[in-house]
Each structure stands twice: as structure tokens, then as C-alpha cells.
There are 2 protein chains.
Amino acid sequence: MGYSVGQVADLAGVTIRTLHHYDEVGLLSPGGRSAAGYRIYEESDLERLQRILFYRELGFTLEEISTIVDDPRTDALGHLRRQRGLLAERIKRLGAMVEAIDYEMEARTMDIRLTPEERLEVFGEFRPEDYAEEAEQRWGETESYKESRRRVATYKKEDWQRLKAEEEEVRARLAAAMEEGLAPESEEAMAAAEAHRQHISRWFYDCTYEIHLGLTDMYVGDERFRSNYDATAPGLARFIREAAHANASQAGTDR
Amino acid sequence: MGYSVGQVADLAGVTIRTLHHYDEVGLLSPGGRSAAGYRIYEESDLERLQRILFYRELGFTLEEISTIVDDPRTDALGHLRRQRGLLAERIKRLGAMVEAIDYEMEARTMDIRLTPEERLEVFGEFRPEDYAEEAEQRWGETESYKESRRRVATYKKEDWQRLKAEEEEVRARLAAAMEEGLAPESEEAMAAAEAHRQHISRWFYDCTYEIHLGLTDMYVGDERFRSNYDATAPGLARFIREAAHANASQAGTDR
DNA sequence: TCTAAAGCCTTACGTTACGTAAGGGTCAAG
DNA sequence: CTTGACCCTTACGTAACGTAAGGCTTTAGA
């Protein structure tokens with residue numbers, strides 16, 4: 001036999017009031033009532049509820065949801081497919097936001113001031129395409145990030161100074177290697193690139209080799225980052241990038 | 001000169017009314033007013049707005065947001081770190097939902113009926129840990145999925161029958177290989193595993209090698225899937241899994 | 001068998017985060 | 001100097017529940 005409101009509420013993680021509301025507006029009416037008027041939900045009701053909650057989580061209004069779940073052209077499999085597609089879009093958007101944050105963190109390290117236009121860009125239009133490929137590489141590290149976040153949880157102003165000092169040190173080390181005429185593939189350059197990667201990991205987030213590649217690619221691709229590095233020494237942005245690539249592929253091969 | 005409401009609204013992708021509202025409740029009051037009483041937003045206001053929108057997107061109430069953004073203990077970098085952490089959690093949750101969908105799609109192919117409890121589980125408690133590692137592998141394919149979805153957009157009941165027939169064929173092929181005493185690493189077994197992977201890709205979503213590994217791992221790990229396969233031939237679940245692994249590592253090495 | 005806690009009912013007003021006019025100034029361009 | 005685009009405040013409307021209030025029902029235990 002069926003489920004009571006309270007049971008359904010517990011199962012689905014919603015309040016009783018919510019179920020009452022869905023009944024009121026006709027979005028989800030229980031299959032039957034007991035003699036005393038208690039709502040009795042059947043399996044099919046729960047199936048419907050699951051769909052409702054799914055679409056709700058994705059930000060649809062109840063009105064939209066009712067047209068979606070009542071659409072006779074969409075069967076169970078169709079719903080699953082649609083839901084999967086919507087989730088993919090949503091994840092993509094959040095990935096773009098992570099991107100934007102990483103970007104700003106980096107900009108901050110180097111005293112590059114972002115204009116409000118740039119900072120608000122991610123909210124403006126929905127252009128999921130833009131960040132797609134690059135973002136994809138980075139979502140992988142959301143897991144390990146949490147741990148690294150705990151490590152760097154509590155530093156303030158003086159730490160900020162040390163951060164800056166360390167960044168300049170790393171940068172100087174790379175510049176020195178370049179000005180000595182060393183190749184990006186040289187031991188010194190790769191070691192400096194590795195120091196750079198660890199610098200990011202220590203102060204910001206767990207910077208994997210893959211992320212490091214994306215980051216240094218940006219140093220070259222983004223005008224402002226490039227000019228900032230090239231101000232220290234012309235060609236430095238590209239040098240860092242290549243050293244990072246060499247370092248990553250070495251790390252990739254010798255395990 | 002600063003920005004007018006309309007300009008800010010356009011930049012941030014919100015309505016003017018929203019900005020008025022934020023002004024009303026004291027969440028975001030523009031830095032100044034013109035002689036005629038027009039709101040004039042400064043850069044710092046836009047920075048604040050960006051934070052507000054960020055936390056809003058993540059589901060905080062305006063009240064919560066005002067305590068978050070006004071917290072004097074949190075500086076700019078602190079916000080970035082926090083935002084990144086929140087995004088990571090959110091992505092993890094969506095990943096769990098994708099997991100649940102894939103799981104149900106698979107169950108459906110094999111006529112395994114899920115109980116409502118199982119189907120609602122993902123909404124019940126927030127246990128992001130559970131799905132974490134496995135989900136992580138799968139998010140990667142959100143990109144390619146969209147394309148594959150277009151391909152398989154419009155099939156119905158008779159297709160469903162063909163799907164079932166094809167699934168049984170693939171399964172029979174694997175069972176045959178196993179009963180002939182062939183190793184999972186044999187050409188035949190790997191070819192059958194590859195056929196299985198392509199079957200999933202054709203009917204459901206773009207099944208990469210990595211996803212295929214996760215899927216076949218589940219065939220062994222999940223009681224109901226395992227017993228379903230083992231009903232065809234004892235040990236088949238494990239055989240499929242190993243053939244899939246062999247197939248994936250071969251595909252990985254010969255490019 | 002009685003009772004108290006736990007669960008359910010309906011009715012109804014409150015709340016959040018805006019949407020949607022209405023009525024009326026402001027400003028740059030033609 | 002007027003017209004269209006933009007801004008103001010005031011105020012009621014709405015969606016999706018939250019939060020009682022007042023009153024039956026059911027069930028575990030004395």
C-alpha cells in the first residue's frame with residue numbers, strides 16, 4: 001500500500017507544506033485518500049514527484065514544470081534524456097563561473113585590475129560555448145580543491161605581502177633563466193616553472209599540471225597578462241608557457 | 001561619471017526593478033545620485049553587485065547575501081575562495097544527478113525496476129561524497145553529449161523494441177565468448193565489449209571509454225545489475241567488465 | 001481500555017524577491 | 001521646442017512556499 005505525506009516528504013527531502021501546495025495547484029495530487037481523508041501517494045505519484053523535483057532544481061517554475069511533465073509526447077526515456085541535457089548545460093555554466101573566478105584570482109596576483117564589465121560578463125548573456133573546452137579540463141579538480149582550500153584557509157594581510165614577494169621571486173627566477181639564454185626545456189627553466197605551479201597550489205588552489213597548462217596558455221593568449229609578464233622581460237610570458245609545458249610532459253612521462 | 005541603472009542592468013543581465021529592489025532593502029545602494037535624483041553607480045558598486053549575483057545564483061537569500069558580503073572578516077580573495085568552494089559543491093551535486101540519470105537509463109535497458117526510494121534518494125539528503133569519485137570521471141563528457149543527443153532525438157516504441165533486441169544480441173555475443181572459454185582480453189571479447197559501448201552510444205549518450213569503465217564497474221558492484229547479467233550466464237557481469245577494461249586500454253595505447 | 005504523543009486535515013495570513021503598471025520628471029537630438 | 005528614450009517614486013500583484021491555529025486520527029504504551 002501507499003505512502004503518507006510525511007513519508008513522502010522524508011523520502012524526497014521536501015516539507016509537507018510543499019506537497020500540500022503541489023496538491024492545491026494540481027501539480028501532484030495523490031492517487032487516493034484514506035477514509036479519514038489522509039493523502040495516500042502511490043508509486044506513480046512518487047515517480048512524478050521525482051521529475052517535478054528534478055526540473056525544479058534546474059530552476060523551472062511550477063507552471064513550466066506542469067507543462068513539461070504533462071507533455072504526452074515525452075515518455076520516461078525522453079525525460080531522462082532531457083534532464084541529462086539540462087544538467088549538462090547547468091554544469092557548463094557553473095564551470096564558466098569557476099573559470100571566471102580562477103581568472104580573477106590570477107589577475108589579482110599580478111595586480112591586474114579587471115573592469116566591472118569584465119567581471120559582470122559571466123552574468124550578462126548566457127554564452128556557454130565560450131568557456132567550454134578550457135573549462136572542461138578544470139572541473140576535474142573540483143574534488144581535490146576542497147582539501148587544498150582547508151590548507152590555505154586562514155591568511156590575511158601580511159600573508160598577502162608574502163604572496164606577492166614569492167610571486168615576484170618565482171617570476172624573477174624564470175626571467176633569469178630566460179635572460180641567461182637557457183631553453184624552456186632546460187632543467188632550470190622547468191624547475192622554475194614547477195616552482196610557479198607550486199606557488200599557485202600553495203596560495204590559491206591545487207594546481208594540477210593540466211590546470212597549469214591552461215593557466216600559462218592564458219598568460220600568452222590574454223593581452224593583459226602577457227603585457228604584464230613581458231614588462232618584466234620581453235617574451236617572458238611565452239617562455240613561462242613553454243617551460244610549463246616541458247615540465248608537465250616530463251612529469252607525465254617519468255612515473 | 002558612473003553608470004546609470006539601465007547601463008548596470010544591461011551589464012549584469014538583471015532588470016532595473018531588481019536594482020531598485022536592492023536599493024530599497026539596502027543591499028546595494030548606488031554611490032551617488034545626480035542632481036535630478038538619478039542613481040549613479042560607481043565601480044565599487046559593480047564589484048559588490050557581482051558578488052551579490054554570484055551568491056544569488058548559488059541560492060542564497062538576499063538576507064544571507066547581505067551578511068556574507070558585509071562580513072568584514074572576508075576580503076576580496078576570501079570571497080573568491082568561498083565562491084569557488086560553493087561552486088565545487090554545486091557541481092558535485094549536479095554530477096550526482098547525472099549519475100542518477102545514467103543509472104536509471106541503464107536500469108531501464110535491462111528492465112530493472114527502481115523503487116521510488118531509490119529514485120528519490122538523490123534529493124533526500126545531501127551526501128555529495130558518495131558519488132564524488134565516479135561522477136568526476138563522467139562530467140568530462142557533458143560537452144560531447146549534446147551532439148550525441150541530437151542524433152538520437154526522435155525514436156519511439158518500435159525503436160524501443162529494436163533497442164532491446166540489440167541489447168540482447170550484444171549480451172549474447174559476450175556470453176558466447178565467455179562460454180567458449182575465451183579470455184576477456186581476447187579479440188572476440190574486446191570486440192563484443194566495443195559493440196556494447198557503441199550500443200550505449202547509439203541509443204543513449206556518447207559513451208566514452210572512461211564512462212564505459214565506470215558503467216561496467218557498476219555491473220559488477222551493483223547487486224541487481226550483476227544478478228541480471230549473471231542470470232544470462234554466471235560470471236558474465238565480471239567478464240563484461242574485464243573485456244571493457246581490456247578494450248579501453250587497447251584503445252588508449254594504439255593512437 | 002484509556003490516553004498521550006505523533007501524524008494528518010483545512011483554513012488563512014505572512015514572506016521573499018521581485019513583476020508590472022501608473023503617473024510624472026529629465027535629457028539629448030532633431 | 002518637442003519627441004522619444006530614460007529615470008523617478010508609489011503601489012498593487014505574484015509565485016512558492018513558511019508558519020501558525022484549531023481540530024480530527026491513529027498508534028504505542030500504561
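Just so we're on the same page: letters track the sequence lines, and every chain starts at 1.
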| d(CD, Gln7(A); P, dA6(C)) in whole Å | 17 Å
| message | Show the nearest heavy-atom pair for residues Thr15(B) and Ala9(B), with the distance to one decimal. | response | C-CB, 4.1 Å
| said: Looking at Glu47(B) and Arg51(B), is there a salt bridge between them, counting it only when a charged N and a carboxylate O are closer than 4.0 Å? | reply: yes
| request: Could you pull out the closest heavy-atom pair between Arg84(B) and Ile101(A), with the gap in Å? | output: N-CD1, 3.7 Å
| Considering all heavy atoms of both residues, which atom of Gly32(B) and which atom of Glu42(B) are nearest to each other, and what is their separation? | N-OE2, 4.3 Å
| query | Within the structure, does a side-chain N or O atom of Thr18(A) lie under 4.0 Å from either OP1 or OP2 of dG18(D)? | reply | yes
| task | Of all the heavy-atom pairs spanning Ser29(B) and Asp45(B), show the shortest one and how long it is. | result | O-OD1, 3.7 Å
| request: Report yes if at least one side-chain N or O of Ser34(B) is closer than 4.0 Å to OP1 or OP2 of dT26(C); otherwise report no. | output: no
| query | Above 12 or not: heavy atoms from other molecules or residues under 6.0 Å from CD of Glu63(B)? | reply | no
| Considering only side-chain heavy atoms of Thr15(B), which listed nucleotide, dG19(C), dC18(C), dA16(D), is closest? | dG19(C)
| message | So, does Tyr22(B) get its side chain near the phosphate of dC18(C), meaning an N or O under 4.0 Å from OP1 or OP2? | response | yes
| query | Base, sugar-phosphate alone, or nothing: which one does Phe60(B) contact when heavy atoms must sit under 4.0 Å apart? | reply | nothing
Return the polar atom pairs (N/O with N/O) between nucleotides 9-15 of chain C and the protein under 3.5 Å, or none.
{"residue": "dC9(C)", "atom": "OP1", "partner": "Arg39(A)", "partner atom": "N", "Å": "2.8"}
{"residue": "dC9(C)", "atom": "OP1", "partner": "Arg39(A)", "partner atom": "NE", "Å": "2.8"}
{"residue": "dC9(C)", "atom": "OP2", "partner": "His20(A)", "partner atom": "NE2", "Å": "2.9"}
{"residue": "dT10(C)", "atom": "OP1", "partner": "Arg33(A)", "partner atom": "NH1", "Å": "3.2"}
{"residue": "dT10(C)", "atom": "OP2", "partner": "Arg39(A)", "partner atom": "NH2", "Å": "2.2"}

| request: With DNA chain C as reference, determine whether Ala35(B) or Arg56(B) sits nearer its 5' end, using the nearest nucleotide of each. | output: Arg56(B)
